[in-house]
Amino acid sequence: MSKKAAKDAIKKIAKREGKSESEIREEMEEAIMIGFLNKETRHKWDSLFGSGRLPSSEEFITVLSLKVAKR
């Protein structure tokens with residue numbers, strides 16, 4: 001999935017949920033931060049996004065969609 005496709009996904013989610021894109025991004029950023037700070041799964045985050053690196057919403061969608069597509 002490309003960055004543009006990830007942006008489009010956020011746009012579609014916002015429309016479906018009746019929220020603004022910025023609200024969806026804020027919710028995603030909060031969820032990403034919670035996952036990032038989880039010490040039990042930190043090694044997975046580091047392997048996906050780089051050691052100690054917090055991904056953007058678009059990068060999160062892109063990387064995980066590619067990982068799922070490989071399965």
Side-chain angles (χ1 to χ4, degrees):
M1 177 180 283
S2 68
K3 189 172 183 177
K4 182 183 179 333
K7 285 183 179 189
D8 289 343
I10 292 171
K11 187 180 287 189
K12 287 178 184 179
I13 292 167
K15 185 175 181 176
R16 183 185 72 213
E17 298 295 321
K19 297 180 179 183
S20 69
E21 288 179 49
S22 62
E23 287 176 300
I24 297 300
R25 286 178 193 285
E26 286 176 23
E27 291 175 5
M28 288 184 70
E29 288 168 5
E30 183 178 334
I32 289 168
M33 181 61 78
I34 290 168
F36 178 78
L37 294 175
N38 183 333
K39 292 179 184 187
E40 293 178 18
T41 60
R42 185 54 177 271
H43 65 282
K44 291 179 185 177
W45 285 84
D46 290 345
S47 69
L48 288 169
F49 305 107
S51 183
R53 208 170 147 278
L54 188 64
S56 67
S57 298
E58 290 85 5
E59 182 181 10
F60 182 83
I61 292 169
T62 301
V63 169
L64 289 183
S65 67
L66 291 172
K67 192 80 166 164
V68 169
K70 288 182 181 178
R71 289 183 176 202

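All values derive from a computational prediction rather than experimental measurement. Note that the numbering runs from 1 along the sequence shown for the chain.
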**Study point:** Side-chain touch I32/W45, heavy atoms, less than 4.5 angstrom
**Key:** yes
Review point. For the hydrophobic clusters of this structure (ILVMFWY residues joined by side-chain heavy atoms under 4.5 Å, transitively), does one cluster hold both L64 and F36?
Key: yes
Point to revise | K4 side chain reached by E58 side chain, heavy atoms, under 4.5 Å | key: no
Exercise for review: Could you check if a side-chain atom of E29 sits within less than 4.5 angstrom of a side-chain atom of L54, using non-hydrogen atoms only?
Suggested key: no
Review point. Applying the 4.5 Å side-chain criterion to the ILVMFWY set and letting contacts propagate, would L66 and L48 be lumped into a single cluster?
Key: no
**Study point:** Nearest-0.5 Å distance that lies between atom NZ in K44 and atom CD in E40
**Key:** 10.0 Å
Exercise for review: Compare all side-chain heavy atoms of R25 with those of E21 and state whether any distance is below 4.5 angstrom.
Suggested key: yes
Practice item. Answer yes when D46 and R42 have at least one side-chain N-carboxylate O distance shorter than 4.0 Å, and no when they do not. Key: yes
Practice item. Is it possible for you to say whether M33 and I61 belong to one hydrophobic cluster, with membership spreading through side-chain heavy-atom contacts below 4.5 Å? Key: no
Review point. Taking E17 for the side chain and A14 for the main chain, is one N or O donor matched with an acceptor at less than 3.5 Å?
Key: no
Revision key, fill the gap. Output for pair (K7 NZ, T62 OG1), nearest 0.5 Å, gives 10.5 Å
Revision key, fill the gap. Here the gap from S65 atom OG to K70 atom NZ, rounded to the nearest 0.5 Å, amounts to 10.5 Å
Exercise for review: Determine, for R53 against E59, whether the closest basic-nitrogen to carboxylate-oxygen distance falls under 4.0 angstrom.
Suggested key: yes
Review point. Side chains of F60 and F49: closer than 4.5 Å at any heavy-atom pair?
Key: yes
**Study point:** I10 and S57, any side-chain heavy atoms less than 4.5 Å apart
**Key:** yes
